[in-house]
Amino acid sequence: MSFDKIILATHNQGKIAEMREMLKPLGIAVSSAAELNLPDVEETGTTFEENAKLKAEQLSALSGLPCLADDSGLCVDALDGRPGVYSARYAPNRDFDKGMQMLLDELSATKDTERKAHFSCVMAFARPDEKTQVFEGRVDGRIAQAKKGSGGFGYDPIFVPDEGDGRSFAEFDGAEKNKISHRGRALRKFLEYLQK
Ligand code: IMP
């Protein structure tokens, strides 16, 4: 499969930084939707897959270029999977400090053993006149009792992955997070698909 440019269908700077880093080995130009003045597609779906496909297909159709979209979110067991697909909107005006505090408040009576959560990511790769491909990734962990660390983005300071040493994702460096994260896992499946 050959193309020399790909668009990332997101305006989220945190996601763009992580995806750019992981796409470096491809050696192709990677532009974000914002850089090409493409719109932020409204997420009207009710699943990660629906939203990822919507974003990738609309922006690929608008630009005529291959487009990779990520839809992701934090699913908390004790909250029946919330905020899930609504993770970005759960935080008032996308203020994640407030959003994290709201989550910690909702879980204030929840014991450590019952604070299981996971991040999910679905990536959709759309190209004009081709069937859209979908790749999934997930990382399991738990919600910390308080925010820790200053790296990453979104809910990283309150998420402690199981495959770690008790640090939150905001205390991981970028490469370390990409190795085990939901986005890293989905993106590696995309890279494998390209090599087939
Ligand atoms: P969307 O995919 O644009 O709907 O946004 C997903 C939201 O989920 C982001 O705005 C973040 O709040 C959250 N999220 C997704 N992935 C991560 C992550 O790796 N770390 C922290 N928060 C994340």
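Numbering starts at 1 and runs along the sequence shown. Start at 1 and go down the list; that is how both ligands and their atoms are numbered.
- Defined by atom type and a distance below 3.5 Å, a donor-acceptor pair is present between the side-chain atoms of Arg183 and Ser72.
- With 3.5 Å as the limit, one finds a donor-acceptor pair spanning the side chains of Asp112 and Gln145.
- A heavy-atom cutoff of 4.0 Å around ligand 1 is satisfied by the protein residues Asn12, Lys15, Glu43, Lys55, Asp70, Asp71, Ser72, Gly73, Ser87, Ala88, Phe96, Phe119, Phe153, Gly154, Tyr155, Asp156, Lys177, His182, Arg183.
- Under the rule for a side-chain contact (heavy atoms from CB on, under 4.5 Å), Asp4 has no partner lying at least two apart in sequence or in another chain.
- Using a 3.5 Å distance cut-off with no hydrogens or angles, the side chains of Gln101 and Asp105 do pair a donor with an acceptor.
- The aromatic rings of Phe159 and Phe169 sit tilted, their planes meeting at an angle between 30° and 60°.
- Centroid-to-centroid, the aromatic rings of Phe119 and Phe153 stay 6.0 Å apart or farther.
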